[in-house]
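Just below is one structure, and these are the notes that go with it.
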Amino acid sequence: ISAAEAHRRAIRHVVRQMFGGAKVADGKHAGMTAYDLTTEGAWIVFKNSRGEPMLRSSEIIAVCKRTGRVLYEGPANDEG
């Protein structure tokens with residue numbers, strides 16, 4: 001395979017690992033505020049932890065329901 005194909009396959013692998021079966025929640029009912037992000041008009045996608053111990057905040061991506069734009073990627077501020 002070419003270097004470009006190896007790159008595409010690596011991306012698909014990582015995406016499947018990170019998001020395969022990932023939980024998606026309505027931001028209105030997610031019961032969280034990710035720092036200064038208002039989540040009411042967004043879908044909250046939780047990245048998979050890959051079986052790692054979770055003594056830290058969940059990793060999320062907030063996607064605007066209306067435009068599809070990624071509003072936020074990072075910790076959910078839900079530790080503890």
Side-chain angles (χ1 to χ4, degrees):
I1 65 172
S2 67
E5 179 61 20
H7 184 253
R8 280 190 292 276
R9 289 180 186 206
I11 289 170
R12 282 194 304 261
H13 173 78
V14 169
V15 168
R16 276 193 303 271
Q17 292 277 17
M18 191 175 295
F19 295 106
K23 176 183 167 190
V24 180
D26 186 329
K28 184 176 184 178
H29 305 292
M32 70 171 57
T33 55
Y35 299 101
D36 292 331
L37 173 70
T38 302
T39 59
E40 187 169 318
W43 293 109
I44 307 301
V45 181
F46 292 83
K47 292 182 182 179
N48 292 330
S49 64
R50 294 188 238 177
E52 301 166 0
M54 292 295 292
L55 296 176
R56 58 184 168 80
S57 183
S58 301
E59 290 290 319
I60 63 167
I61 297 175
V63 180
C64 179
K65 289 180 179 180
R66 187 174 55 79
T67 65
R69 193 174 113 229
V70 172
L71 302 172
Y72 176 82
E73 177 186 7
N77 195 25
D78 62 353
E79 58 273 296

- Message: Quick check: do Tyr72 and Ile61 have side-chain heavy atoms less than 4.5 Å from each other?
- Response: no
- Can you measure from CZ (Arg12) to CZ (Arg8) and round to the nearest 0.5 angstrom? 7.5 Å
- Message: Tell me the closest heavy-atom pair linking Phe46 and Ala22, and the distance in Å.
- Response: O-CB, 3.1 Å
- Message: Tell me if the NZ atom of Lys65 is crowded by more than 12 foreign heavy atoms within 6.0 Å.
- Response: yes
- Item | Nearest heavy atoms of Ala76 and Ile60, plus distance in Å | CB-CG2, 3.8 Å
- Evaluate the side-chain proximity of Glu59 to Met18: yes if any heavy-atom separation is below 4.5 Å, no if none is. no
- Message: How close do Ala62 and Ile44 get, counting heavy atoms only, and between which atoms?
- Response: CB-CD1, 3.8 Å
